Structure formats: structure tokens, C-alpha cells
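In the text below, chain A, chain B and the rest are named by the order of the sequence lines, each starting its count at 1. This one's a predicted model, so the numbers in the text were calculated from it and none came from an experiment.
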Amino acid sequence: MLDSWLEQKISDSVNDLLKEKGSAQSSRELLPKGVRIEFPKKNGFGDLASPVAMHLAGPLKMAPRTIAVELEKRLSLLKEISRVEVAGPGYLNITFSLDFLHECLNNLLDTARSPVSPVSSPKKILIEYVSANPTGPLHVGHGRGAAYGNSIARILKTLGHEVTSEYYINNAGNQMDLLARSTYLAWRGLQENLSEEERLKILPDGSSYQGSYVTDIAKEILENPSLLSDEERRLALAGMEHSSRFLGRFSEIAEDRIMQGIRRDLIRFGIEFDRYFSEKNLHAPDPADGKSLIDKCLGEISEFSRSSKTAGEEGIPDLFEEEGALWLRTSLLGDDKDRVLRKGDGNLTYYAADIAYHREKIAQGHDLYIDVWGADHHGYILRMQAAMKTLNALKGTRAELKVALIQLVNLLRDGKPVGMSKRSGDFVTLSDVLDEVGVDATRFLYLTRSHESSLDFDLDLAKSKSMDNPVYYVQYAHARVANLLKQAEIRGIKVPEKWTPAHLSPLVGDDEKALILLLDRFDLVVSECGSMMEVHPLTDYLTELAGQFHRYYFHNRILSPESGGEPLILARLALSSAVGRIIRFGLSLLGVSAPESM
RNA sequence: GCGCCUGUAGCUCAAUCGGAUAGAGCAACAGCCUUCUAAGCUGUAGGUCACUGGUUCGAUUCCAGUCAGGCGCACCA
């Protein structure tokens with residue numbers, strides 16, 4: 001809040017200066033990116049600093065230091081600022097008055113106000129994440145996408161956006177067929193010794209899903225007679241000749257059980273979706289006209305391609321038929337080649353379904369669509385962006401699509417990578433990791449790095465309850481604050497219902513000032529997370545805040561100061577509880593608990 | 001071959017969409033518990049920001065090229 005306040009004041013001063021110079025221009029015109037405010041890393045450069053005089057030097061044709069001195073004259077008149085210094089090539093180093101800092105801290109203590117200010121123009125956002133195929137339990141890679149997507153959603157919501165979250169269930173296509181066959185194979189295997197020949201009939205290319213969950217589902221089907229009809233069971237036992245009559249049932253049951261497991265893992269991980277969207281719904285024919293949503297979508301694009309003058313040019317891909325297939329001209333947007341929607345054999349591609357899915361998204365009228373994908377899908381981004389252009393053009397919408405790619409997770413134990421092969425079934429599931437290290441550490445550690453960097457997830461570190469482990473470091477700071485307030489109560493210290501700046505006036509130490517400045521920055525950190533679509537600035541910030549508080553706590557006897565009496569005790573308690581509040585709030589955005597004691 | 005991500009201290013990573021002397025945490029070394037939680041704190045040491053050019057008042061940041069690692073390049077999903 002201090003930064004936006006200062007930005008405004010400097011902007012005013014610049015306008016004032018321009019007016020005096022007889023210029024018709026405004027600060028906004030000369031500084032399209034706004035007045036830059038920096039947080040000096042080192043002491044001695046003021047509380048906040050701005051290089052704005054350097055930025056203005058070019059357009060105004062004046063020396064940066066001359067501009068800085070002019071701005072200094074105006075800024076130093078403000079009672080909120082105790083000192084302005086022109087330094088280096090033309091920096092403005094600003095030091096705030098203590099009264100003003102106390103006022104800011106008082107705002108942070110006011111539980112009626114959110115410590116995060118809302119964005120000026122809230123958007124309607126749909127975020128799709130996880131969307132793991134229902135062919136097996138969530139693994140550690142999915143977990144990272146889940147933690148990221150969920151925290152971004154929480155952050156955007158806190159910033160005042162209207163956020164809906166969605167999970168796309170890829171339950172149509174070959175991999176579901178393979179799952180059904182794998183389950184069927186396991187089910188047969190439980191009842192008889194299958195010949196190699198029979199196995200090959202069930203799984204012609206030999207590969208299958210082999211995790212223990214497949215056997216579990218097969219066992220359940222075997223032990224619960226009501227899952228299959230007598231007819232289905234009879235045909236299934238007879239072999240693959242009538243597979244079309246029973247494989248669908250195996251597929252349904254397997255998908256249902258796996259999705260149940262996925263939902264259970266997600267809830268345990270602190271994640272609930274507003275909606276699950278099933279790919280099957282896109283393929284199902286509408287009883288009214290016999291057409292599926294995909295048919296309708298392709299029909300619309302096809303009609304648009306014929307009738308619209310812009311289709312096929314100006315970066316708006318159109319639809320065309322060639323070599324017996326149906327294509328979208330994605331090469332218009334720099335794709336290596338055009339992409340197939342309906343194959344020569346008449347079957348639809350995954351891409352076609354995904355376009356229809358995004359058409360359904362657009363129909364809901366959001367401003368921004370966020371898709372969170374694994375990094376291995378990056379080749380798909382251009383294609384999807386191309387389809388969005390076409391959809392926007394034909395729908396007359398301006399929906400924006402942002403894709404966040406989540407890089408790989410390397411799971412380490414004893415410093416060595418843990419193998420994760422889905423085929424052999426020995427991969428580590430999210431659930432295993434949660435059993436071993438818990439939800440809090442898992443979520444926090446997933447979010448300590450930019451999603452664009454691959455992440456080493458050290459199981460031993462995650463488990464360790466020591467200072468190496470940032471999540472304990474941060475949570476411990478919160479527990480310390482809670483304990484201080486409890487101790488104060490035990491000692492009969494009465495904490496006021498509502499704090500006022502007068503309560504805070506004893507806070508004059510350098511470390512106290514620094515803590516207030518750091519607390520004040522929280523607002524900006526969260527808003528940056530939102531605009532950059534990154535979560536790790538928040539985990540970094542919380543670690544820094546916790547560290548600064550631990551140091552403060554160590555060096556200052558909060559409940560029994562050397563001197564200063566009750567007013568100082570109260571003031572320090574106020575500062576501590578502000579720290580507690582911000583840590584609690586920040587952890588909640590990460591989906592991590594803030595314990596009262598540890 | 002083409003595309004995307006990454007290259008910063010011994011290790012894992014930051015660096016506020018071009019700014020001041022590039023910062024943390026581990027690990028190493030030297031210290032601090034009669035106290036509101038030592039799950040903590042203090043100090044020392046550690047760097048050719050992969051390399052080479054370019055853009056400008058200024059580059060770890062932007063551009064081009066080179067090298068290295070990861071991932072992806074289907075009428076699969």
C-alpha cells in the first residue's frame with residue numbers, strides 16, 4: 001500500500017513539474033508503464049526508492065539529477081515523508097515518517113479490511129487444472145499442477161476476480177479402451193490361467209496398465225456380482241468375440257473407481273472443483289437431432305469458414321478437407337503444419353474434442369481461460385491458441401487463453417531419483433507422498449519454485465522437522481505469535497479490541513520499522529503473483545517474513561521488555577499479531593495450515 | 001533438424017516485466033539456551049550471472065549467435 005501511495009504522489013509531482021514547465025503532457029503519457037517503485041535491498045537507500053527521474057530524462061531532455069531534485073522539493077513537503085534523498089545517478093530514496101508507518105500497520109491489524117486490495121478491473125476467469133486421465137491414480141507430477149492451479153485460483157479470487165475451477169475428464173478414446181482391456185485381463189486372470197494366445201487377443205500390442213489399482217478393480221468386479229449383468233458376465237467369460245457387449249461396462253466401472261480415488265486424493269490435498277467436465281458429453285449425440293457437441297462445433301466452424309471473409313486469413317484459421325480428412329489451418333499462426341480434426345477413417349481426433357470443449361467454455365462468457373498443463377503438452381499450445389482465434393472470430397468474443405505449463409518433478413530419496421514408470425506400476429502416487437510427508441509440506445514445497453522450472457522434491461527434506469524445511473520455518477513463526485498472545489493472556493495483559501495508531505507509537509526500532517515495511521509489501525506480492533501467474537513469490541515472501549520475525553523475536557523480549565512498560569508490550573504484541581495475520585492469510589492462499597502450536 | 005523450458009555461490013534457487021555494491025536457504029567454519037517454544041538466533045567465507053557479440057546513460061534481465069541439460073515435435077490421447 002505504501003508503494004501505490006508513493007507511486008501516486010510521485011506521479012502528482014511529475015504532473016506538477018510538467019505544468020510548471022509549460023508542457024501539455026502528463027505523467028501517464030511520459031511513463032506508460034507507470035512510476036516505478038523499488039524496494040532497496042540494502043539499508044541506506046531509504047524505505048522505498050524510485051528511478052523515475054532516470055526514466056524521465058530522455059523524454060524531458062533534462063539531466064536525471066536535475067529532475068530528481070525538482071521532485072524532491074515537492075515530495076519533501078508531504079508530512080507522510082520524513083526524508084527524500086537524491087542519490088546515485090538520480091534515484092529518489094524515500095524515508096517515511098513513523099506516524100505514517102504506524103498508520104499502515106494499523107490498517108493491517110484491522111480485521112474488517114482485507115490485507116489484499118482488489119484489482120481495479122476484475123475479470124471472470126475459468127481455470128482448468130489437473131485434468132488427469134482417469135486411467136490411474138494421481139502421481140507426483142499431477143500433484144504439482146494441482147497445487148499450482150489451486151493456489152493460483154485462490155490468489156485470483158482474493159484479488160477480486162470471479163474464478164471458476166474445472167477438471168476435464170478425458171474419458172473417451174484409446175487410453176480408456178486400454179484401461180478397460182487391462183481391467184478385463186486382470187479379471188480373467190483372477191479366475192483362470194490365461195494362455196498367451198488369449199492374452200494377445202485381449203491386448204494385441206501387449207502393453208497394459210499394470211498398477212495394483214487395476215487388480216483391485218478387477219477383484220471388486222469379481223466379488224460384487226451386481227456390477228455385471230448375467231449376460232455381460234457370460235459373454236466376458238467366453239472371450240473377446242463379443243467384447244463390444246461388455247468392455248464398455250469394464251471401462252465405466254474402472255473410470256468410476258479411479259475418479260473416486262482421484263477426487264478423494266484431491267479433497268485430501270485441499271482441492272475441490274466447481275465442476276467436472278466429461279469428454280464423453282462432447283461425443284454423445286443430442287437426442288433431438290442426433291448430433292454431438294463436437295459435430296455441432298465442427299459444423300459451426302465449417303459454416304464460418306465458408307461464409308466469413310476473414311476466415312482463412314488475418315490469422316484466423318479455417319476448416320478444409322483434404323486427403324479424406326478434415327483439417328484446421330493452424331499453419332496460419334506459425335504451426336509447423338495444419339492439424340487434423342477428423343481422420344480419414346472418420347474418427348475424430350483428441351484435438352477436435354478439445355476444440356469443442358473450449359467452445360463450451362467460451363459459451364460461459366468468461367474473459368480469461370487458464371489451462372494448466374504438464375510440460376509435455378507444450379507442443380499443443382499453439383494449436384489451441386489457433387482454435388481459440390477461430391472460435392472467438394465466429395462467436396464474436398474476445399476470450400483470452402493462457403496456458404501455464406508445469407515442468408517436471410524429480411522425486412528424490414537419499415539424494416537419488418526415485419523411478420516413476422507408469423507402465424510398470426511402481427510409480428509414486430500423490431497419495432503415497434501425502435502419507436509420507438503430509439499435505440502442508442507437500443503443497444508448500446511444490447510451490448517454492450516457478451512452475452516453469454523443473455523441481456527437485458526431496459522426500460527426506462520434506463519430512464524433516466527442522467529449519468532446512470521452509471514450511472516448518474514459516475508455520476513455526478505463526479505458532480510463536482499464537483503462543484505470545486496466549487502468554488500475554490496468562491500474564492493478564494489486556495489486548496485492546498481494536499488497535500489504534502496511538503497503540504503503535506512505541507514501535508521506533510529499526511527492526512520494527514523493517515518489519516512494518518515488509519508486512520506492507522504483502523499486498524504487492526499477492527498482486528504480482530496474480531499478474532505473473534506465479535505462486536513462488538508468495539512462498540519466498542512468507543519465508544522472508546518468518547525469518548525476519550524469528551530474528552525480531554530473538555532480539556526483543558516482547559512480553560518483558562527491558563524498559564518501556566505496558567505500552568511497548570502492547571505495541572510489540574500488535575506488531576506480532578500483524579505478522580501472524582499475514583502469515584495465516586498467505587498460507588491460506590497456498591492451502592497450507594497455520595497451526596497455533598507446534 | 002524445428003519448437004518450448006532451463007543454465008546465477010560447492011548444492012537447491014531468488015533477483016519486483018532495463019536500475020545502485022547480484023540476494024536467500026542448505027552444506028562448511030566460528031559462536032549463542034537459568035529467559036515469551038534453540039523447530040530459533042549471531043558471525044565468517046563463498047560469484048567471470050554458461051560463452052561471444054549487439055542495443056543504451058545503464059544488461060543477470062532485451063536481441064542475435066554458440067555451447068550444455070530437460071521436454072516435445074502423430075490422421076495418439
Side-chain angles (χ1 to χ4, degrees), chain A residues 3 33 36-42 44-45 49-51 54-55 57-58 63-64 87-91 93 133 135 170 172-178 279 323-327 334-337 339-351 353-354 374-382 405 407-408 410 412 415 448-456 458 461 464-470 472-473 475-477 479-480 482-488 490-491 521 524-525 528 531-532 536-537 540-541 543-544 547 550-560 569 572-573 576 597-598:
Chain A
D3 53 283
K33 289 181 186 170
R36 185 163 179 74
I37 304 295
E38 292 174 3
F39 300 86
K41 290 165 201 144
K42 296 254 176 178
F45 290 142
S50 179
M54 275 110 85
H55 294 159
Y91 273 96
N93 293 340
N133 293 345
T135 54
N170 288 140
N174 294 343
Q175 87 281 15
M176 290 308 290
D177 182 53
L178 185 59
E279 186 187 351
E323 297 167 13
L326 188 65
W327 306 69
D335 203 352
D336 295 340
K337 48 178 294 195
R339 301 293 170 175
V340 170
L341 300 179
R342 187 188 291 120
K343 300 182 254 180
D345 64 6
N347 286 321
L348 296 162
T349 60
Y350 175 84
Y351 183 40
D354 219 2
D376 54 340
H377 288 73
H378 79 251
Y380 203 72
I381 296 180
L382 194 60
L405 289 182
Q407 293 292 330
L408 294 183
N410 303 309
L412 303 176
T448 50
R449 304 281 173 252
S450 165
H451 64 275
E452 290 187 354
S453 299
S454 60
L455 172 80
D456 288 339
D458 187 328
L461 171 69
S464 76
K465 302 193 171 182
S466 73
M467 60 204 256
D468 314 8
N469 189 343
Y472 283 97
Y473 190 75
Q475 288 182 317
Y476 187 48
R480 270 197 156 153
N483 190 57
L484 276 172
L485 295 172
K486 204 170 89 192
Q487 286 295 328
I490 291 169
R491 296 179 185 206
R521 233 166 101 180
L524 182 70
V525 170
E528 276 174 358
S531 56
M532 291 162 51
H536 75 279
D540 273 4
Y541 170 85
T543 308
E544 190 186 341
H550 284 311
R551 283 186 284 279
Y552 177 67
Y553 174 93
F554 187 82
H555 292 295
N556 297 279
R557 309 298 306 165
I558 291 168
L559 296 177
S560 47
I569 294 174
R572 286 178 169 178
L573 276 174
S576 303
S597 68
M598 291 171 73

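Only the P atoms considered, B:C76 is 43 Å distant from B:U61, to the nearest whole Å. Taking atom P on both B:U16 and B:U21, the two are 16 Å apart, rounded to the nearest angstrom. Here the separation of B:U48 from B:G43, taken at their C1' atoms, is 28 Å to the nearest Å. Spacing of P atoms, B:G40 relative to B:A22, comes out at 29 Å, to the nearest Å. Straight-line distance between the P atoms of B:U6 and B:C17: roughly 15 Å, to the nearest whole Å. Taking atom C1' on both B:C11 and B:G47, the two are 15 Å apart, rounded to the nearest angstrom. For the P atoms, the distance linking B:A45 with B:G25 amounts to 15 Å, nearest Å. Comparing the C1' positions of B:C13 and B:U55 gives an interatomic distance of 30 Å, to the nearest angstrom.
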Classify every nucleotide of nucleotides 2-9 of chain B by which part a protein heavy atom approaches to under 4.0 Å, writing B for the base, S for the sugar-phosphate alone and - for neither, in 5'-to-3' order. -BBSS---
Once base and sugar-phosphate atoms are separated, protein heavy atoms under 4.0 Å mark nucleotides 55-63 of chain B, 5' to 3', with B, S and - as ---------
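Using a 4.0 Å heavy-atom criterion, one finds that A:Asn170 contacts no nucleic acid atom at all. A:Asp354 comes within 4.0 angstrom of no nucleic acid atom, judged by non-hydrogen atoms across all strands. Using a 4.0 Å heavy-atom cutoff across all strands shown, A:Arg521 reaches no nucleic acid atom at all. Counting any heavy atom pair closer than 4.0 Å across all strands shown, A:His536 reaches sugar-phosphate atoms only and no base atom. No engagement by A:Ala488 is indicated, since no non-hydrogen atom pair under 4.0 Å with the nucleic acid exists.
Donor-acceptor pairing under 3.5 Å, judged by distance alone, is absent between the side chain of A:Asp540 and the base of B:A15.
For the OP1/OP2 pair of B:A74 and a distance below 4.0 Å, the side-chain nitrogens and oxygens of A:Lys337 include no atom meeting the criterion. For A:Lys343, a side-chain nitrogen or oxygen approaches OP1 or OP2 of B:C76 to under 4.0 Å. A sub-4.0 Å separation between OP1 or OP2 of B:C32 and a side-chain N or O of A:His555 is absent. For B:A24, the OP1/OP2 oxygens have no side-chain nitrogen or oxygen of A:Arg449 closer than 4.0 Å.
The backbone N or O of A:Arg557 lies less than 3.5 Å from a partner atom in the side chain of A:Arg572, making a donor-acceptor pair. Counting only distance, with no hydrogens or angles, the side chain of A:His555 and the backbone of A:Tyr552 share no donor-acceptor pair below 3.5 Å. Put simply, the side chain of A:Asn170 never gets that close to the backbone of A:Asn133: no donor and acceptor are under 3.5 Å apart.
Nearest-nucleotide positions on RNA chain B place A:Ala479 closer to the 5' end than the other of A:Ala479 and A:Phe554. Residues A:Thr448 and A:Leu524 both approach RNA chain B. Their nearest nucleotides, taken by heavy-atom distance, put A:Thr448 toward the 5′ side.
Proximity of A:Arg480 to A:Met598: side-chain heavy atoms (C-beta onward) are nowhere separated by under 4.5 Å. With contacts defined as side-chain heavy-atom distances shorter than 4.5 Å, the pair A:Leu341/A:Tyr351 qualifies. Two residues are said to be in side-chain contact when any heavy atoms from C-beta on lie closer than 4.5 Å; A:Thr448 and A:Leu455 meet this criterion. When side chains are defined from C-beta on, A:Leu405 counts as touching A:Ile381, because their heavy atoms get closer than 4.5 Å. Side-chain contact between A:Leu573 and A:Leu485 is present, with at least one heavy-atom pair separated by less than 4.5 Å. The shortest side-chain heavy-atom distance between A:Gln407 and A:His451 does not fall under the 4.5 Å cut-off. The closest side-chain heavy-atom distance from A:Glu38 to A:Pro51 is below 4.5 Å. Using a 4.5 Å cut-off on side-chain heavy atoms (C-beta onward), A:Ile569 and A:Leu559 make contact.
When distances run from any side-chain atom of A:Ile558 to the nucleotides B:U16, B:C36, B:C76, the shortest one goes to B:C36. Side-chain proximity of A:Glu528 to B:A77, B:G40, B:U16: nearest is B:U16. Among the nucleotides B:A77, B:C41, B:C13, the one closest to any side-chain atom of A:Arg551 is B:C41. With B:G18, B:C75, B:U35 as the choices, the nucleotide that has an atom nearest any side-chain atom of A:Lys33 turns out to be B:G18. Of the candidates B:C36, B:U16, B:U12, the closest approach to any side-chain atom of A:Gln487 belongs to B:C36. Considering only side-chain atoms of A:Glu38, the nucleotide from B:C71, B:A20, B:G40 that sits closest is B:A20. Side-chain atoms of A:Met598 lie closest to B:A39 of the nucleotides B:C75, B:U16, B:A39. Considering only the side chain of A:Tyr473, B:G40 comes nearest among B:C75, B:G40, B:U16. Of the candidates B:G72, B:A77, B:A20, the closest approach to any side-chain atom of A:Asn133 belongs to B:A77. With distances taken from any side-chain atom of A:Arg339 to the nucleotides B:C32, B:C13, B:A74, the minimum falls on B:A74.
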Please, what dot-bracket string fits RNA chain B when only Watson-Crick and G-U pairs with both distances under 3.5 Å count, crossing ones use [ ] and pairs to another strand use |? (((((((..((((.....[...)))).(((((.......))))).....(((((..]....))))))))))))....
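Between A:Tyr380 and A:Tyr350, the two ring planes are tilted [angle within 30° to 60°].
Taking 90° from 0 as the syn/anti boundary, the base of B:C32 is oriented anti.
Rounding to whole angstrom units, CG of residue A:Leu178 and P of B:A77 are separated by 13 Å. Atom CG in A:Leu412 sits roughly 15 Å away from atom P in B:C11 (whole-Å rounding). The interatomic distance linking A:Glu544 (CD) with B:A15 (P) rounds to 12 Å, in whole Å. The interatomic distance linking A:His377 (NE2) with B:C76 (C1') rounds to 11 Å, in whole Å. Between the CD atom of A:Gln475 and the C1' atom of B:A39 there is a distance of 11 Å, given to the nearest Å. The CZ-P distance, from A:Arg557 to B:C33, rounds to 14 Å in whole Å. Per the geometry, CG belonging to A:Asn469 stands 14 Å off P belonging to B:A39, to the nearest Å. With rounding to whole Å, A:Tyr380 atom OH is found 12 Å from B:C73 atom P.
The aromatic ring of A:Phe45 is stacked on the base of B:A20, with the two ring centres less than 5.5 Å apart and the planes inclined by under 30°.
Cation-pi contact between A:Arg521 and A:Phe39: present, with separation from the ring centre below 6.0 Å and deviation from the ring axis of at most 45°.
The two residues A:Leu348 and A:Lys343 make their nearest non-hydrogen contact at O-CE, 3.9 Å. Residues A:Tyr473 and A:Gly547 approach most closely at OH-CA, 2.9 Å, considering heavy atoms.
Between the side chains of A:Arg342 and A:Asn347, no donor-acceptor pair of N or O atoms lies under 3.5 Å.
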